[in-house]
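To start, the structure itself, in structure tokens.
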Amino acid sequence: MASATVQDAGTSPAHQAHWSVRLAEFLDAHEGRPPRDKTARLAWARAFHADLEEAHLAAPGWPAEAGGMGLDLADQIAYHQQMTAARAPKHPCGLSFIVAPTLIKHGTPEQKKRYLRPLLRADEFWCQGFSEPGAGSDLTSLTTRAERVGDEYVVNGQKLWTTMAHLADWMFALIRTGPAGPGGAGISYLLISMKSEGITVRPLKDISGGTHFSEVYFDDVRVPVANLVGEEDGGWAIARTSLGHERATAFLSDEFRYRRVVNELHRLAKTSGAADDPVVRQDLARIEASVRVLASNSRRALDAVLQGRDPGPAASVNRLVRAEFDQRLHEVALRVVGPDAVLGQREQTAPEGGRWTYGYLMSRSSTIGAGTAEIQRNTIAEKVLGLPSWRKEA
């Protein structure tokens with residue numbers, strides 16, 4: 001994403017020392033354990049990222065003109081390693097880093113000025129309005145519609161499995177504005193205020209007992225035409241930016257988070273005695289190999305973005321590998337924990353606060369959300385291997 005000029009500056013030893021030293025000083029000044037209370041922890045994370053933006057140490061991969069650091073691939077990796085080692089809080093709204101690359105590439109100057117800085121500071125939260133009851137993995141079949149009336153769109157329909165909708169200030173959404181056709185024709189990309197009259201959010205309880213997802217209803221919701229990103233009916237091509245960056249750059253730090261989690265699982269296996277079991281050791285060896293594959297795939301996809309290429313093919317491989325790895329990781333973790341894995345987070349005697357059981361429950365959605373594993377395999381078959389489209393498209 002960074003320009004050549006910015007990248008060249010980012011690779012110099014002086015620049016490397018400059019940002020990494022400043023980041024180290026920032027992290028030392030913000031050292032401390034997060035609050036246990038969920039609401040207080042969210043406020044703590046928001047304050048951290050607001051301070052990070054004020055210090056010009058946020059968004060390592062964004063170009064400088066968009067408010068980022070403009071770091072090259074090596075520096076971005078070093079940045080996320082440094083943040084992960086310090087256990088810095090993740091941005092409390094990861095979805096913000098899906099819409100941000102889209103706005104940087106396709107947004108108007110006014111849209112960039114209005115949305116990017118509050119997004120980066122976590123002053124405003126975003127949710128993604130893509131999936132619908134009849135359009136999950138196949139988003140091109142969506143039916144939520146917008147009719148243009150003067151300088152506004154009037155939106156009616158429903159979105160489903162909308163993460164963080166109950167907390168979001170804004171939604172970036174795919175809405176049908178024209179007739180359906182091949183290749184996602186007739187779909188537009190709109191930015192919708194979640195405070196708009198006519199929006200109803202209904203939280204959905206998931207298997208962990210939480211309400212991470214919601215269904216969202218639109219009843220004559222009015223959206224200014226100025227909130228259209230790109231051209232009307234041209235949203236599908238723009239959405240590929242969002243989806244590609246979701247799978248390539250938005251969660252680069254996951255590589256280092258998983259590295260840390262695998263290390264913690266190794267330690268748990270040793271201290272609990274589970275590592276004495278040769279079958280468990282074999283499972284841990286497979287997990288170790290998988291986390292290294294995950295790192296390689298993440299860097300391949302990010303490198304494509306930095307070189308201005310579509311990260312789609314590499315990102316789809318990464319998305320599939322990461323989803324299946326997440327499930328295998330937690331399956332092995334429950335084997336390491338043993339019978340105590342039945343204890344949930346509310347049980348005080350649960351090993352490590354029940355984190356492994358919670359992770360296992362949440363990992364069930366890994367091969368469903370943001371496109372099922374089957375859809376990812378279709379994409380890999382068509383875009384990487386060049387096999388015929390399952391839709392019989394050219």
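In this chain, residues are counted from 1 in sequence order. Below, all heavy atoms of this structure are taken into account, side chains as well, without hydrogens, waters or symmetry copies.
- With salt bridges taken as basic N to acidic carboxylate O contacts below 4.0 Å, none links R335 and E331.
- Taking CG of L120 as the start and SG of C93 as the end, the distance is 12.0 Å to the nearest 0.5 Å.
- If you take CD1 on I207 and NE2 on H212, they are separated by 12.5 Å, rounding to the nearest 0.5 Å.
- Heavy atoms only, all atoms of each residue included: H166 and S214 are closest at N-OG, 4.1 Å.
- Distance check: W170 CH2 to S96 OG gives 13.0 Å after rounding to the nearest 0.5 Å.
- Across every non-hydrogen atom of D51 and H30, the tightest pair is OD2-NE2, 3.1 Å.
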Working for side-chain hydrogen bond (donor to acceptor under 3.5 Å, both in side chains), residues T144 and E132: CA-CA 8 Å; T144 297; E132 297 183 6; 2.8 Å; yes
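- Two residues are said to be in side-chain contact when any heavy atoms from C-beta on lie closer than 4.5 Å; I238 and T102 meet this criterion.
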V261 vs W356, side-chain contact (heavy atoms from CB on, under 4.5 Å): CA-CA, chis, key distance, verdict: CA-CA 10 Å; V261 170; W356 301 106; 3.7 Å; yes
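- A side-chain donor-acceptor contact under 3.5 Å links R281 to the backbone of D276.
- Between the D123 side chain and the P118 main chain, no donor and acceptor come within less than 3.5 Å of each other.
- In this structure, the side chain of K159 engages the main chain of L174 through a donor-acceptor pair within 3.5 Å.
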Ring pair (Phe, Tyr, Trp, His ring centres under 6.0 Å) assessment of W236 paired with Y189: CA-CA 8 Å; W236 184 247; Y189 195 111; over 10 Å; no
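- When the side chains of ILVMFWY residues are joined at heavy-atom separations under 4.5 Å, either directly or via intervening members, L42 and L119 end up in two distinct hydrophobic clusters.
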Candidate pair V337 and L268, rule side-chain contact (heavy atoms from CB on, under 4.5 Å), full reasoning: CA-CA 8 Å; V337 172; L268 177 62; 4.1 Å; yes
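- Under a hydrophobic clustering in which Ile, Leu, Val, Met, Phe, Trp and Tyr are joined whenever their side-chain heavy atoms come within less than 4.5 Å, directly or via other members, V201 and Y217 fall into different clusters.
- For the side-chain contact (heavy atoms from CB on, under 4.5 Å) with T357, the qualifying choice from L343, D340, L334 is L334, the only one to do so.
- Side-chain heavy atoms closer than 4.5 Å link hydrophobic residues (I, L, V, M, F, W, Y) into clusters, and following such links, even through other members, never connects L191 to I175.
- Electrostatic pairing of R355 and E352 counts as a salt bridge here, judged by a charged N lying under 4.0 Å from a carboxylate O.
- R377 has a carboxylate O that lies under 4.0 Å from a charged side-chain N of E324, or vice versa, which qualifies the two as a salt bridge.
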Worked check of salt bridge (Lys or Arg N to Asp or Glu O under 4.0 Å) between E124 and R114: CA-CA 11 Å; E124 294 178 337; R114 165 62 185 85; 2.9 Å; yes
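- Between I104 and P63 the shortest side-chain heavy-atom distance falls below 4.5 Å.
- In plain terms, the two heavy atoms of D220 and N156 that are nearest each other are N-OD1, 2.8 Å.
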Check against side-chain hydrogen bond (donor to acceptor under 3.5 Å, both in side chains), S363 and D326: CA-CA 6 Å; S363 73; D326 190 45; 4.7 Å; no
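- For Y115 and W126, the ring centers sit closer than 6.0 Å to each other.
- Smallest separation of non-hydrogen atoms from G134 and S141: O-OG, 3.2 Å.
- Residues M194 and I98 fall into different hydrophobic clusters, defined by Ile, Leu, Val, Met, Phe, Trp and Tyr side chains chained together at heavy-atom separations under 4.5 Å.
- In this structure, CE on M164 lies 9.0 Å from SG on C127, to the nearest 0.5 angstrom.
- A salt bridge does not link K270 with E264: none of the charged nitrogens is closer than 4.0 Å to a carboxylate oxygen.
- Panel note: side chain T84, backbone Q81; no donor-acceptor pair is recorded below 3.5 Å.
- Note that the CG atom of L116 and the CD atom of E65 stand 11.0 Å from one another [nearest 0.5 Å].
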Worked check of side-chain contact (heavy atoms from CB on, under 4.5 Å) between H91 and F97: CA-CA 9 Å; H91 193 282; F97 291 88; 3.3 Å; yes
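- One finds the OH atom of Y79 at 8.0 Å from the CH2 atom of W19 (value rounded to the nearest 0.5 Å).
- Counting heavy atoms from C-beta on, the side chains of F26 and E31 never come closer than 4.5 Å.
- Under the 4.5 Å side-chain criterion, counting only non-hydrogen atoms from C-beta, V336 is in contact with L265.
- Ion pairing of E288 with R259 is present here, as a side-chain N (NZ or NE/NH1/NH2) and a carboxylate O approach within less than 4.0 Å.
- Between the side chain of Q158 and the main chain of P133, no donor-acceptor pair closer than 3.5 Å is present.
- Taking the centre and axis of the six-membered ring of Y360, the NZ or CZ atom of R364 falls inside the cone set by 45° and 6.0 Å.
- Residues L329 and Y258 have side chains in contact (heavy-atom distance under 4.5 Å, counting atoms from C-beta outward).
- For the pair R222 and Y153, the NZ or CZ position fails the cation-pi test of under 6.0 Å to the six-membered ring centre and within 45 degrees of the ring normal.
- Between E54 and R121 there is a salt bridge, with a side-chain nitrogen of the basic residue lying less than 4.0 Å from a carboxylate oxygen of the acidic one.
- The closest side-chain heavy-atom distance from V99 to Q128 is not below 4.5 Å.
- When atom types are taken as modelled, the side chain of T108 and the backbone of Q111 share a donor-acceptor pair closer than 3.5 angstrom.
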Evaluation steps, side-chain contact (heavy atoms from CB on, under 4.5 Å), between R260 and R87: CA-CA 10 Å; R260 189 187 72 230; R87 293 184 176 271; 3.4 Å; yes
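- R176 contributes no side-chain N or O that, together with a main-chain N or O of I187, makes up a donor-acceptor pair within less than 3.5 Å.
- Checked for salt-bridge contact, E53 and R117 meet the test: a charged N lies under 4.0 Å from a carboxylate O.
- Residues T367 and Q327 have side chains in contact (heavy-atom distance under 4.5 Å, counting atoms from C-beta outward).
- Applying the 6.0 Å contact sphere to CZ of R292 captures no more than 12 heavy atoms from other residues, nucleotides or ligands.
- Both I199 and V223 are part of a single hydrophobic cluster, where members link through side-chain heavy atoms under 4.5 Å apart.
- Using a 4.5 Å heavy-atom threshold, the side chains of K90 and R257 count as touching.
- Smallest separation of non-hydrogen atoms from T177 and R145: C-NH1, 4.3 Å.
- Nearest approach of I192 to A173, heavy atoms of both residues: CD1-CB, 4.1 Å.
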